[in-house]
**Q** 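Structure incoming, see below.
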Protein chains: 2
Amino acid sequence: MSFYALILAGGVGTRLWPMSRKERPKYLLDPLGSGSSLLQQAVARVEPLADSVWVMTSAATVAAVARQVPQAHVIAEPSARGTMPPLAACAALIASMDHDAVIGSFAADHVVRDEDAFVRAVSTAVQAAGDGSLVTIGITPTGPSSAFGYIKVALSANARRQLLSLDQSGSSAYPVQAFVEKPDAARAAAYMASGQYVWNAGIFVARADALLRHIHDLVPDLDPLTLKLGAQLSERMPRPGRGSRSMPLPGAAGVEAFSSPDIRRMWDALEPSVIDIALAEPLAEQGMVKTVPVSMGWSDVGDWAAVTALYAAAHGTDSGTYQHRTDPGEVHDDDSAAPVFRQNAEGTFVLGSHKPIAVVGIHDAAIVDMDDVLLVVSTKDAQQVKDIIRDVDRAGRSDLL
Amino acid sequence: MSFYALILAGGVGTRLWPMSRKERPKYLLDPLGSGSSLLQQAVARVEPLADSVWVMTSAATVAAVARQVPQAHVIAEPSARGTMPPLAACAALIASMDHDAVIGSFAADHVVRDEDAFVRAVSTAVQAAGDGSLVTIGITPTGPSSAFGYIKVALSANARRQLLSLDQSGSSAYPVQAFVEKPDAARAAAYMASGQYVWNAGIFVARADALLRHIHDLVPDLDPLTLKLGAQLSERMPRPGRGSRSMPLPGAAGVEAFSSPDIRRMWDALEPSVIDIALAEPLAEQGMVKTVPVSMGWSDVGDWAAVTALYAAAHGTDSGTYQHRTDPGEVHDDDSAAPVFRQNAEGTFVLGSHKPIAVVGIHDAAIVDMDDVLLVVSTKDAQQVKDIIRDVDRAGRSDLL
């Protein structure tokens with residue numbers, strides 16, 4: 001059984017503005033100063049598990065993505081259509097060559113501190129997917145967050161209070177009762193207290209053939225696309241042996257398949273849809289979804305509050321540097337970093353480049369000094385950066401977005 | 001009786017760093033966006049009162065000062081020696097030509113909102129100086145500040161509680177009992193409650209001949225300098241008629257007097273001294289000092305907290321712009337100002353130039369974005385900017401100071 005990792009590199013990550021821009025989306029950046037971009041980390045994380053790594057991204061970023069992760073097969077989507085169509089397309093391409101293949105779909109802009117736990121959880125999910133289930137990785141909540149969707153585990157009344165004490169090492173899969181949207185604060189606290197909920201990190205694992213069957217049943221609008229892609233690839237390529245672990249699919253085939261005018265037309269005509277709603281929720285109702293709870297130091301690096309906390313935890317300091325490069329392939333360089341001077345400024349993250357920065361009496365904030373724009377934001381209001389984005393756009397300064 | 005205004009343009013104003021620098025001291029700048037520098041405002045403020053305006057400054061800034069205030073007589077001090085030697089020197093120069101002259105000495109980097117009250121108070125002081133007293137302007141406190149020295153008014157026990165209800169329009173002079181140093185918070189509150197104290201704004205008015213007499217009595221170290229300066233000017237210049245109101249002293253004479261090697265040698269050999277300690281305190285003990293209490297919207301623009309409050313009061317907004325010019329003669333320009341975007345950022349002052357700035361959830365702070373360095377400081381910790389200056393210096397980055 002081969003495992004194919006699909007990384008969905010989409011979205012700007014606007015709450016990390018002004019580091020993230022339309023032309024330099026979050027996944028191409030390294031906000032935590034690790035030395036590689038979030039996308040490069042995502043690819044490196046699945047490489048030990050996957051026979052082949054695929055990345056789907058927009059036409060505007062495909063060149064930068066290919067430069068950053070030359071080891072992956074990079075496909076440019078004709079247009080942005082959510083997460084469901086890319087997974088369906090990859091399932092069709094892969095299933096046409098490898099009927100025993102298992103596919104995992106992953107975000108390109110999350111971080112995982114405990115990579116061993118990640119590998120264990122995904123391996124468990126791959127095994128659990130053998131019966132045709134859709135398997136998701138469930139993150140054991142570290143607090144009552146309103147920023148994430150939740151997955152409700154189907155546990156007996158007796159077992160409910162014990163989920164948090166259940167194996168969280170990523171070694172076991174549990175049946176899923178339902179997916180629930182981002183809750184308000186009160187509901188999040190109740191979920192946390194119940195011990196029956198885990199965070200939905202957007203990681204889904206399934207057999208390629210099972211995925212196509214579920215898509216046929218639940219998202220039939222995608223059938224023409226998947227059928228056409230499968231047929232197209234079968235026509236053009238010599239078919240490799242099934243289950244051949246050592247033979248990666250040539251990325252050129254996928255890229256070429258997407259360059260066909262028929263495919264592009266079909267793709268552009270699709271309604272956008274996401275895996276969670278189109279597939280995971282209805283399958284959960286049918287008892288066809290499992291989750292692998294795990295504590296693996298996961299974060300979606302969702303805003304500057306997250307960056308501030310993660311950076312301090314990783315580096316034991318509150319200052320990062322970022323060189324604003326024209327080539328997003330080069331993401332980080334401390335060599336020419338300007339100094340940061342602090343007085344009475346605990347909990348304040350400073351991200352600068354060539355210009356010295358002094359901070360006095362400012363706590364729990366992020367200072368993001370890019371060459372063309374400066375942001376100063378308190379961590380408690382980090383989500384309001386989206387309002388600034390709106391104001392910048394209204395002011396006719398889309399050049400800054 | 002002629003009135004000569006001496007403006008002492010010295011000091012960097014380090015607590016307004018990074019706007020103020022060694023090469024661009026506070027008085028050459030316009031932190032409040034008024035359209036003219038603090039020095040230009042200081043000169044304009046005394047012009048309606050003075051027959052002649054003199055400015056003493058350092059050799060490093062004399063050219064910039066002369067460009068900013070071409071109407072004043074600008075003298076370069078051979079070295080920085082505090083406020084007492086410049087006043088003594090000017091008294092000697094002026095008295096040698098005009099025995100009835102009254103001199104007032106003023107700071108170059110303060111602001112006064114109510115200029116009518118200022119003119120009234122100084123006029124009252126000039127009249128009160130007629131008997132040979134040293135007269136100071138006393139600012140009616142608006143709060144128990146620890147940032148200023150205080151002047152204790154000599155009032156009878158009955159009158160003490162009434163000082164704050166006395167004439168504060170600058171129309172009356174009162175005898176001074178003592179000058180007191182910057183108090184701690186508890187003492188400042190007691191001063192405020194007593195109603196017997198006013199702030200020392202560093203403005204001193206006296207007859208030139210009385211000044212020379214007091215200096216001879218109390219600061220005899222200055223005698224050689226004052227005698228030499230007076231003699232030198234008398235030798236070189238035709239002496240104008242005494243009390244000639246319409247005849248300004250030629251600035252060239254003062255400049256020339258200070259270029260003499262003898263004067264420079266005498267000056268450099270002086271111990272630094274300040275008017276308050278060398279002259280005002282001992283004269284107060286002798287009952288020879290008066291003060292004119294006045295409420296005139298005075299501020300020493302001492303730090304970014306003061307700028308934040310003053311700017312908002314003057315403009316009804318929290319955002320200023322400042323173009324970092326190589327010529328300090330040009331101080332302000334809103335034309336090419338970059339936008340400031342705010343969300344939930346009341347009480348935060350933003351001073352930028354060409355680069356857009358976004359502020360989210362930051363209150364009661366100042367953001368000062370210069371081309372070569374950025375400062376973010378909370379108003380409550382504005383005094384700690386001096387600690388940053390020290391750190392910047394220790395880090396070998398005196399280029400930023």
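What you are looking at is a predicted structure, and each value in this text was computed from that prediction instead of being measured.
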**Q** At a 4.5 Å cut-off on heavy atoms, which part of B:I388 comes close to chain A: side chain, backbone, both, or neither?
**A**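 Both backbone and side chain of B:I388 come within 4.5 Å of chain A.
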**Q** Heavy-atom count around A:R390 CZ within 6.0 Å, excluding the residue itself: above 12?
**A**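 It does: A:R390 CZ has more than 12 such atoms within range.
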**Q** Mind checking whether B:S20 and B:P25 have side chains closer than 4.5 Å, heavy atoms only?
**A**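 In short, these two side chains do not touch, never coming nearer than 4.5 Å.
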**Q** So which of B:T348, B:L375, B:V368 has the biggest tally of heavy-atom pairs under 4.5 Å with chain A?
**A**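 Maximum pair count with chain A is reached by B:L375.
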**Q** Can the ring centres of A:Y311 and A:W304 be said to be less than 6.0 Å apart?
**A**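 No - the distance between ring centres of A:Y311 and A:W304 does not fall below the 6.0 Å cut-off.
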**Q** Could you look at B:I357 and say if it's the side chain, the backbone, both or neither that has a heavy atom under 4.5 Å from chain A?
**A**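 Its backbone and side chain both get close to chain A.
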**Q** Below 4.5 Å, heavy-atom pairs only: which of B:V373, B:V376, B:T379 has the largest tally toward chain A?
**A**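 Sorted descending by pairs with chain A, the first entry is B:V376.
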**Q** Do B:D372 and B:R21 meet the salt-bridge criterion of a basic N to acidic O distance under 4.0 Å?
**A**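 Yes, B:R21 and B:D372 are salt-bridged.
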**Q** Which atoms of B:R342 come close to chain A, meaning under 4.5 Å heavy atom to heavy atom: side chain ones, backbone ones, both, or neither?
**A**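 Contact with chain A involves the backbone of B:R342 alone.
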**Q** Top residue by heavy-atom pair count (under 4.5 Å) with chain B, among A:G361, A:P18, A:A365, A:A358?
**A**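 Answer, by heavy-atom pair count under 4.5 Å with chain B: A:A358.
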**Q** Sort A:I367 into side chain, backbone, both or neither according to what part of it lies under 4.5 angstrom from a heavy atom of chain B.
**A**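 Answer is side chain: those atoms of A:I367 sit under 4.5 Å from chain B.
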**Q** Do the side-chain N and O atoms of A:H354 and A:D371 include a donor-acceptor pair separated by under 3.5 angstrom?
**A**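 Short answer, no.
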**Q** Whether the A:Q343 and B:D381 side chains hold a donor-acceptor pair (N or O, under 3.5 Å, no angle test) is what I'd like checked.
**A**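 Not at all, the side chains of A:Q343 and B:D381 share no donor-acceptor pair under 3.5 Å.
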**Q** Side chain, backbone, both or neither: which part of B:R394 has a heavy atom under 4.5 Å from chain A?
**A**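 B:R394 has no heavy atom closer than 4.5 Å to chain A.
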